Amino acid sequence: MATWYALADLFLSRLDAETAHGLAIQGLKSGWVPRDRHPDPRSLAVQVWGRELANPIGLAAGFDKNAEVPDRALAMGFGLVEIGSVTPKPQPGNPRPRLFRLREDHGVINRMGFPGKGLDATLSRLRRRPRTGFVGVNIGANKESLDRAADYVTCGRALAPYADYLVCNVSSPNTPGLRNLQGRTQLADLLKRVQDAITATPVPLVVKIAPDATDGDLDDIVAVCRELSIDGIIVGNTTLSRPPSLASSRRSEAGGLSGRPLASLSTDALRRTARRVDRQFPLIGCGGVDSGAAAYAKIRAGASLVQLYSALVFEGPPLVRRIKGELASLLARDGFLSVSRAVGTDL
Ligand SMILES: Cc1cc2nc3c(=O)[nH]c(=O)nc-3n(C[C@H](O)[C@H](O)[C@H](O)COP(=O)(O)O)c2cc1C
């Protein structure tokens, strides 16, 4: 861990997790977080949806829900950053405390419930930023909405012009009933309506699913995505399951579990998805990535891009450069000249 972050962590780790997160956003806004000025190894460059990214390591949704710091996050060395989930109306989310570190397990449990400043606030920030880097926009539905699919349509139509890719998040476990949108009929209806709403803006449309999906769920999800020519799937969100190995006293908190205890479950779901997708469109692997080896495992299981969030809670921004260095070494060790050659090699 870099010295500057070891000092910051001494302070942040003593605070409630959500307060620490707020300070991290403020730190990024104020420019206290150093940039990663090192050029990425050439082998990490990836092509996706007609664009070239310097590396395949992304910041997952939930860190920058309101698009306050996408460019500062890119400057930490990420190849892509996803903001959101954005809902049409502002909403407070669930009562605090709702974010817990499972320090012994390198895991996190959250039951945030989409707190956010809403579509208009996010839109005005995105309008003001320069269109550089690769920034995805993740959209969701308000808790009290009577027509959830309409919420995705509203957000999708408004935000697509400012997104390098658009994600329909139908897998957060903290909005009651949201995961039902992963069902075959509901998903097809939702994605078709969003597609129709964004025809004027040709932006890749991606769906983010739960790592808890059964083989039957995946059959349906992948069939819908193939029928509608969806551009990608993110596998996946947090899990409602609790591996028996969890040691932290916080393990029984309600909410979605992320971080290291999610790694193998989500990589398995990714592999099962990749077998069904058969390279028809790219996959994004997310869940428990905290090392180059964990990122490499996702790539070999079929991911063209990888995302992380929870590991940042424990290791801070120096993590990004470490993962990139380790990944480049692993590719070189196995004789892969580029990330894309390693995608799906374990399938
Ligand atoms: C505090 C917190 C908030 C999150 N909020 C969102 C969200 O708003 N939308 C979403 O699609 N995923 C959200 N996620 C899920 C992450 O994007 C990611 O899918 C999950 O945490 C697994 O990755 P990780 O193990 O690297 O954290 C959130 C995760 C955490 C820990």
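We're numbering straight along the sequence, starting at 1. Each ligand, and each atom within it, is numbered from 1 in the order the structure gives. No experiment lies behind these values; they were computed from the predicted model shown.
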Among all protein heavy atoms in this structure, tell me which lies nearest to [atom], with the distance rounded to 0.1 Å.
atom: atom 15 (C) of ligand 1; result: N237 OD1, 3.4 Å
atom: atom 27 (O) of ligand 1; result: S310 OG, 2.6 Å
atom: atom 6 (C) of ligand 1; result: G62 CA, 3.5 Å
atom: atom 21 (O) of ligand 1; result: S258 CB, 3.3 Å
atom: atom 23 (O) of ligand 1; result: C286 SG, 3.4 Å
atom: atom 9 (N) of ligand 1; result: S85 OG, 2.7 Å
atom: atom 28 (C) of ligand 1; result: A61 O, 3.7 Å

I'd like to know if the side chain of E326 reaches the main chain of G292, judged simply by a donor and an acceptor atom lying under 3.5 Å from each other, with no hydrogens or angles considered.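 Pair found, side chain donor or acceptor close to backbone of G292.
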Looking at R272, is its backbone amide N or carbonyl O close enough to the side chain of R276 to form a donor-acceptor pair, meaning the two atoms are under 3.5 Å apart?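 Checked: pair present.
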Sidechain N-carboxylate O distance under 4.0 Å for [X], [Y]:
X: R129; Y: E68; value: no
X: D189; Y: R148; value: no
X: D64; Y: R72; value: no
X: D105; Y: R250; value: no
X: R98; Y: E253; value: no
X: R271; Y: D346; value: no
X: D36; Y: K324; value: yes

Geometry only, no angles: is [X] polar-contacting ligand 1 at N/O separations under 3.5 Å?
X: Q307; value: no
X: Y309; value: yes
X: G288; value: yes
X: K65; value: yes
X: G259; value: yes

[X] neighbourhood, listing ligand 1 atoms whose heavy-atom distance to it stays under 4.0 Å:
X: N169; value: 9 (N), 10 (C), 11 (O)
X: T238; value: 20 (C), 21 (O)
X: L99; value: 1 (C)
X: L308; value: 26 (O)
X: G287; value: 22 (C), 23 (O), 25 (O)
X: N138; value: 10 (C), 11 (O)
X: G84; value: 8 (O)

Does R14 CZ have over 12 foreign heavy atoms under 6.0 Å away?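 Result for CZ/R14: open.
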Using a 4.0 Å heavy-atom cut-off, which part of K208 comes near ligand 1: side chain, backbone, both, or neither?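 Just the side chain.
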Under 4.0 Å, heavy atoms only, figure out whether ligand 1 is touched by the backbone of N110, its side chain, both or neither.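 The answer is the side chain of N110.
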May I ask you to check whether F78 and F134 place their ring centers less than 6.0 Å from one another?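 Between F78 and F134, the centre distance exceeds or equals 6.0 Å.
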So is G236 touching ligand 1 or not, going by heavy atoms under 4.0 Å?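 Contact check G236 vs ligand 1: positive.
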So do the side chains of L187 and Q182 get within less than 4.5 Å of each other, counting heavy atoms only?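 No, too far: nothing below the 4.5 Å cut-off.
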Is any side-chain heavy atom of N180 closer than 4.5 Å to a side-chain heavy atom of V170?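 The answer is no, as the side chains (C-beta and beyond) never meet within the 4.5 Å cut-off.
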